[in-house]
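Read the structure below first, then the notes.
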Number of protein chains: 2
Amino acid sequence: MPGPSISTILPSAIYDELRASILSQVAAPGTTFTESAVALQFGVSRPTAKMAIERLVSEGLLHREVHQAARVPELSRADIVDLFDTRAVVESAAAAKLASEGTVPREALDAHRRIQAGADGDLAYAPLDIAFHRALVTGQPSTRLVRMHSLIMGEIELCIGQVQANHLRTAAEVSAEHQAILDAVGAADPELAARLTRSHVEASRERLLAHVDASGTADSPSRENHR
Amino acid sequence: MPGPSISTILPSAIYDELRASILSQVAAPGTTFTESAVALQFGVSRPTAKMAIERLVSEGLLHREVHQAARVPELSRADIVDLFDTRAVVESAAAAKLASEGTVPREALDAHRRIQAGADGDLAYAPLDIAFHRALVTGQPSTRLVRMHSLIMGEIELCIGQVQANHLRTAAEVSAEHQAILDAVGAADPELAARLTRSHVEASRERLLAHVDASGTADSPSRENHR
DNA sequence: ATGTAGCAGATTGTTTAGCAATCTGGAACG
DNA sequence: CGTTCCAGATTGCTAAACAATCTGCTACAT
């Protein structure tokens with residue numbers, strides 16, 4: 001059930017590792033992944049490497065054109081706008097569905113509490129933030145909405161990593177908005193839950209866009225270490 | 001650009017044919033597709049057949065569990081509800097985006113006019129209806145929304161085929177609602193366009209559900225020919 | 001006669017090897 | 001300096017084969 005549409009099992013190890021390198025910016029935008037290179041690096045056959053790459057491509061974490069090597073995409077400003085807009089559509093719908101039943105998913109509550117607990121320190125809350133939003137969607141009953149969400153979550157992680165790396169939003173700020181969403185869900189107010197979720201997502205988007213506009217043309221990772 | 005995420009080219013011929021057999025009910029729900037059988041039938045190698053099958057699986061037109069043959073799914077009542085709910089979310093968002101620019105896509109207008117033109121006769125409007133809704137989504141600028149939409153359109157086609165086959169809605173009725181949506185888009189009224197789109201989709205859903213509830217437990221295609 | 005254990009067939013998962021088609025970049029030429 | 005062509009690289013696709021796993025049937029014990 002939690003499996004992401006494509007069902008193969010062995011490539012998942014390679015998939016995980018490639019995914020991690022992309023998300024952690026170890027593989028910077030523009031880096032190319034050839035099937036042979038991946039196959040050699042992990043000691044597997046080319047078809048297996050191919051599967052892992054194709055899965056990444058279907059999630060938008062890699063781009064590829066016919067007869068060309070897959071490469072890590074550079075997210076343009078338009079991409080970021082599109083991404084967060086679409087995310088707002090899906091997640092606000094999920095929040096509304098959740099609120100219409102009035103039940104708060106346990107996983108969402110867990111992630112929320114762990115962000116709260118670490119809000120004082122310099123917590124790397126990005127993974128928990130992801131977990132929270134994912135739980136919001138997987139907690140509601142629509143399986144199609146979950147599939148749609150997982151279709152864009154890869155790219156979203158790419159963005160949220162930047163939000164956190166550049167300290168564009170504090171854990172306390174994010175946590176407060178999460179609390180409000182959970183309250184609306186618990187109060188069985190779909191309208192409010194949807195609105196809060198939408199503005200929460202749009203707030204992150206605005207911060208990221210402002211950062212991108214301020215620091216270069218695209219997503220130059222030039223000043224990640226300005227603490 | 002219009003290509004559906006997975007990029008291979010040869011399997012697309014097989015994919016198209018399999019897709020057609022499923023949508024036209026030639027392959028009834030429950031039919032199984034083994035990789036070897038498909039490979040043999042189309043004279044291609046098993047990996048190629050595998051790709052086509054996996055693509056269908058990722059669209060929900062086939063279901064499959066590990067080490068088992070893929071089979072044509074039977075859409076349960078819950079599936080239909082989920083499908084149309086999710087579709088309403090995506091398409092109403094698309095209509096709103098379209099209206100915020102105030103431009104009516106040419107393809108949508110074309111499809112609409114052809115339904116109008118044939119509304120008197122016993123037109124098989126299902127393909128045109130699909131084309132209309134697809135144009136509504138592809139006409140707006142968000143590429144992610146398009147990808148999400150194509151993720152559920154396969155299953156939607158499965159349903160709309162039944163709506164038309166059983167004469168659950170007349171072409172005139174559908175056409176009038178399409179007209180209203182286009183008017184709202186042209187009038188640059190996102191709110192209205194979204195609301196009209198949502199109720200249009202929900203109207204189809206209600207008709208289909210009523211039909212399913214009336215004629216057996218699931219989607220028994222037992223009385224397709226009651227004209 | 002019934003329930004269970006185990007076995008055989010079928011199906012997919014994965015690998016290896018290799019050929020064909022296509023794209024990219026640079027070198028030779030006008 | 002611009003254009004054409006070629007070589008290398010990379011993917012698309014095929015073929016054959018072995019391993020892992022599931023399903024359904026058969027034989028056995030109760």
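Reminder, nothing fancy here: chain letters follow the sequence lines and each chain counts from 1. Please read these numbers as outputs of a predicted model, since none were measured by experiment.
- Across the protein-nucleic acid pair, A:I53 atom CD1 and D:dT11 atom C1' stand 10 Å apart, rounded to whole Å.
- Distance B:M51 CE to C:dG13 P: 13 Å, rounded to the nearest Å.
- Summarising the geometry, the separation between NE2 on B:H67 and C1' on D:dG24 is reported as 17 Å, rounded to the nearest angstrom.
- Look at B:Q68 and you won't find any side-chain N or O under 4.0 angstrom from OP1 or OP2 of D:dT21.
- To the nearest angstrom, P of D:dT11 lies 13 Å from CD of A:E65.
- In this structure, A:K50 does not reach the D:dT10 phosphate: none of its side-chain N or O atoms is under 4.0 Å from OP1 or OP2.
- In this structure, A:F33 atom CZ and D:dT11 atom P are separated by 12 Å, rounded to whole Å.
- The distance from atom CD of A:E54 to atom P of D:dC13 is 10 Å, rounded to the nearest whole Å.
- Salt bridge status for B:R114 with B:D110: absent, with no side-chain N to carboxylate O gap under 4.0 Å.
- Side-chain proximity of A:S45 to the nucleotides D:dA17, D:dT11, C:dT16 is greatest for C:dT16.
- A:H200 and A:H178 have perpendicular rings, their planes meeting at more than 60° on a 0 to 90° scale where under 30° would count as parallel.
- Nucleotide D:dA15 holds its P atom 15 Å from the CD atom of B:E35, rounded to whole Å.
- Here B:R55 does not pair with A:E54 in a salt bridge; the nearest charged N to carboxylate O distance is not below 4.0 Å.
- Between B:P47 and B:T34, it is B:T34 whose nearest contact on DNA chain C lies nearer the 5' terminus.
- Distance, A:R46 CZ to D:dA9 C1': 11 Å, rounded to whole Å.
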Side-chain donor-acceptor contacts of residues 82-89 of chain B below 3.5 Å, not counting sequence neighbours, with atom names and distances?
unit_1: B:D82; atom_1: OD1; unit_2: A:S142; atom_2: OG; d: 2.4
unit_1: B:D82; atom_1: OD1; unit_2: B:T86; atom_2: OG1; d: 3.0
unit_1: B:D82; atom_1: OD2; unit_2: A:S142; atom_2: OG; d: 3.4
unit_1: B:D82; atom_1: OD2; unit_2: A:T143; atom_2: N; d: 3.1
unit_1: B:D82; atom_1: OD2; unit_2: A:T143; atom_2: OG1; d: 3.3
unit_1: B:D82; atom_1: OD2; unit_2: A:R144; atom_2: N; d: 3.3
unit_1: B:D82; atom_1: OD2; unit_2: A:R144; atom_2: NH1; d: 3.2
unit_1: B:D85; atom_1: OD1; unit_2: B:R205; atom_2: NH1; d: 2.4
unit_1: B:D85; atom_1: OD2; unit_2: A:K97; atom_2: NZ; d: 2.8
unit_1: B:T86; atom_1: OG1; unit_2: A:S142; atom_2: OG; d: 3.3
unit_1: B:T86; atom_1: OG1; unit_2: B:D82; atom_2: O; d: 2.7
unit_1: B:R87; atom_1: NE; unit_2: B:E91; atom_2: OE2; d: 3.0
unit_1: B:R87; atom_1: NH2; unit_2: B:H133; atom_2: ND1; d: 3.3
unit_1: B:R87; atom_1: NH2; unit_2: B:H133; atom_2: NE2; d: 3.4

